[in-house]
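The sequence lines fix the lettering, A, B, ..., with proteins before strands; numbering per chain opens at 1.
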Amino acid sequence: MALPPDVHRYSWPVTFQLYDSMTHLTREFVPVVPGQVSIYHCGLTVQSAPHLGHIRKEVVFDVLRRWLTASGYTVKIVANVTDIDDKILRRSAEQGVEWYALAYRFELELHKAYQALGCLPPTYEPRATGHIPEMIELITLLIERGHAYVAEDGSGDVYFDVRSWPDYGRLSGQRVADMAPAEDSDPRGKRDPHDFALWKGRTDSSEPETASWNTPWGRGRPGWHLECSAMSGKYLGDEFDIHGGGLDLRFPHHENELAQSTAAGRPFARYWMHNAWVTAAGEKMSKSLGNGALVTEVTKQYPPRAVRFYLVAPHYRSSIEYSDTSLAEATTSLARIDSFLDRAHDLVGDTAPAAVLPAPFVAAMDDDLGTPAAVATIYTTVKAGNQALEAGGTEAVREAYAAVRAMLGVLGLDPLDPIWTDAAGPGADLEPVVDGLVKALLDQRQEARARKDYAAADAIRDSLGALGVQVEDTPQGPKWSVEH
RNA sequence: GGUGGAGUGGCCGAGAGGCGAGGCAACGGACUGCACAUCCGUGCAUGCGUGUUCGCAUCCCGUCUCCACCUCCA
């Protein structure tokens with residue numbers, strides 16, 4: 001898919017500040033290679049349909065990517081797909097389908113979900129099962145360096161030796177000694193309970209043959225943490241800029257990735273970026289709690305653009321509460337912006353998004369992706385535009401219109417972005433029919449109004465309204481729109 | 001037990017020593033046949049308690065409550 005035309009490149013002095021969750025500091029963003037940004041964020045384990053919490057991460061990194069692109073960077077963004085793990089195997093066994101078919105089905109659902117919310121596909125989306133040789137290579141290196149060992153119990157498991165790596169715990173600020181002992185975890189052949197699996201030997205013969213691979217340590221399948229180290233290294237190199245994911249990945253997943261990668265002699269990520277949750281009734285939305293709102297369900301109830309707006313408007317490091325009022329409010333708020341855009345378009349016609357973004361918007365985005373202040377700038381611009389509309393200042397209207405579209409574009413919310421307009425739903429071919437019918441009714445209503453028969457005029461407006469067609473009288477005649 | 005976050009108006013949600021974003025809802029006014037939209041205006045909030053300061057949502061100390069992570073989790 002081509003980059004939407006509204007994502008412009010700018011050449012102002014770049015002063016992007018990014019909060020790094022390893023150092024707990026907001027630091028100026030300095031990429032490894034000037035002018036280029038490499039981002040890796042942990043995708044999803046494709047074992048079930050994505051809920052709002054999952055998709056928030058996609059939206060956050062999509063906004064990051066759009067902002068860096070708008071700032072003049074060439075962005076390479078890689079998000080993995082974990083297509084094999086315990087849960088996938090268990091679920092597929094339960095459902096009597098092949099594990100890879102199950103994983104693939106949910107991978108497609110994930111794609112559908114992020115496209116529905118206007119997320120651009122990553123530069124690349126590697127699958128774990130496609131990178132077994134890279135993983136074997138990495139494990140071999142870790143064993144050679146004395147940071148990993150093959151379990152002595154003959155299971156074929158390979159573990160990372162936590163005690164061999166004093167830096168372990170650096171990302172999450174924890175000391176191994178303080179960590180709660182893993183009560184119920186199976187120690188198998190571990191030297192230390194905190195050691196984690198790089199590779200899982202095939203000990204359960206009921207697992208399908210297709211779910212294991214040959215290695216120097218016998219047949220088995222990859223450990224979750226290792227995958228990401230192998231894939232980020234392959235596509236982004238030994239050192240890259242931003243490593244991201246949900247806050248819950250910080251430990252153990254990212255901690256383990258960091259340990260593996262640095263123990264293998266790689267500098268690894270320069271900045272760690274973690275987004276907060278979507279909560280429901282104050283609690284983290286999660287598969288295990290069963291309180292997840294599926295993306296497919298939510299986008300049936302609310303326009304997908306409004307759902308994205310709801311996810312984009314709060315800061316990415318704040319948790320957001322999922323509720324009908326929040327979604328409904330986001331829908332109304334976005335409608336206010338769209339309504340200005342509509343009215344402005346009637347006056348100024350097709351106008352491209354502005355090439356230069358308003359300074360407060362830029363300052364907000366440069367400050368650790370400050371979308372709340374950025375959205376506030378959109379509103380102030382909309383207000384200025386509405387005022388100009390009242391005053392009849394065409395140039396000012398055009399300016400506001402172009403600025404609003406440019407800002408919305410950075411957030412992936414420009415209504416004229418092909419990602420939204422191409423999504424002509426079922427029944428799109430009936431549009432001319434609907435247009436004609438509504439126009440006929442509105443003509444009748446205008447005639448009634450002309451002879452001051454307001455009862456008849458209002459009756460027509462009411463019956464249209466009952467069908468979801470909003471009628472608004474303007475100096476240029478009646479306008480109508482379909483509410484969602 | 002360890003680690004990290006959060007408590008702001010009716011609601012959502014920013015800011016981070018002075019001038020308290022923005023939106024939604026509400027109320028008053030303008031415009032309109034009416035309505036919608038829009039514009040103008042009103043509302044005056046920072047868990048609690050000390051302290052620091054000329055001044056503190058913002059800093060210190062204490063305290064209460066909530067959430068998350070500590071090998072399933074975006």
Side-chain angles (χ1 to χ4, degrees), chain A residues 21 24 41-45 47 50-61 85-87 90 162 169 172-182 184-185 193-197 223-225 244-253 255-256 274-279 282-289 292 310 313-315 317-321 323 325-337 339-340 342-343 360 364 370-380 382-383 385-387 389-391 449 452-455 457-458 461-462 465 470-475 479 481:
Chain A
S21 41
H24 297 257
H41 60 100
C42 293
L44 295 177
T45 300
Q47 46 127 339
H51 62 233
L52 272 187
H54 296 129
I55 216 68
R56 179 182 192 191
K57 187 213 62 168
E58 307 295 335
V59 171
V60 163
F61 284 91
D85 87 323
D86 293 354
K87 282 190 177 176
R90 201 185 64 223
V162 165
S172 57
Q174 298 187 102
R175 309 174 140 276
V176 174
D178 291 335
M179 291 176 189
D184 54 347
S185 85
H194 300 290
D195 290 349
F196 56 90
W224 177 39
H225 314 300
L247 198 44
D248 47 358
L249 257 39
R250 201 154 162 257
F251 191 92
H253 186 234
E255 188 74 72
N256 292 353
H274 297 282
N275 63 276
W277 333 114
V278 177
T279 60
E283 288 188 309
K284 177 184 160 197
M285 195 174 271
S286 76
K287 288 168 204 164
S288 37
L289 283 176
Y310 154 81
H315 190 90
R317 285 191 283 121
S318 303
S319 56
I320 27 178
E321 173 71 6
S323 71
T325 37
S326 304
L327 266 306
E329 193 178 290
T331 309
T332 324
S333 305
L334 187 61
R336 174 178 161 80
I337 297 169
S339 145
F340 161 68
D342 267 356
R343 298 197 305 147
T371 52
V375 169
T377 307
I378 294 179
Y379 284 119
T380 25
V382 164
K383 182 162 219 164
N386 277 327
Q387 285 165 337
L389 227 29
E390 297 272 310
R449 290 182 74 205
K452 297 208 192 304
D453 183 356
Y454 294 120
D458 290 351
R461 185 171 61 195
D462 288 348
Q470 301 298 315
V471 178
E472 180 189 352
D473 293 316
T474 75
K479 283 196 62 181
S481 57

G-U wobble or Watson-Crick pairing nucleotide for B/rU50 (cut-off 3.5 Å, both distances): none
With a 4.0 Å cut-off on heavy atoms, is A/His315 in touch with a base, just the backbone sugar-phosphate, or nothing at all? sugar-phosphate
With a 4.0 Å cut-off on heavy atoms, is A/Ala276 in touch with a base, just the backbone sugar-phosphate, or nothing at all? base
Hey, is A/Tyr454 doing a stacking thing with B/rG33, by the 5.5 Å centroid and 30° angle criteria? yes
In whole Å, measure the gap between the C1' atoms of B/rG2 and B/rG13 for me. 32 Å
What's A/Asp86 touching, base or sugar-phosphate or nothing? Going by heavy atoms closer than 4.0 Å. nothing
Can you tell me how far P of B/rG13 sits from CD1 of A/Ile378, to the nearest Å? 18 Å
Under 4.0 Å between any heavy atoms, over every strand shown, what does A/Arg343 touch: base, sugar-phosphate, or nothing? Just pick one. sugar-phosphate
In whole angstrom, give the distance that lies between atom CG of A/Leu44 and atom P of B/rA74. 6 Å
With distance as the sole criterion, do the side chain of A/Asp453 and the base of B/rG33 form a donor-acceptor contact below 3.5 Å? no
Is any side-chain heavy atom of A/Lys57 less than 4.5 Å from a side-chain heavy atom of A/Phe61? yes
For B/rA26, the Watson-Crick or wobble partner whose two distances fall under 3.5 Å: B/rU42
Does B/rA68 have a Watson-Crick or wobble mate here (both distances under 3.5 Å), and if so which one? B/rU3
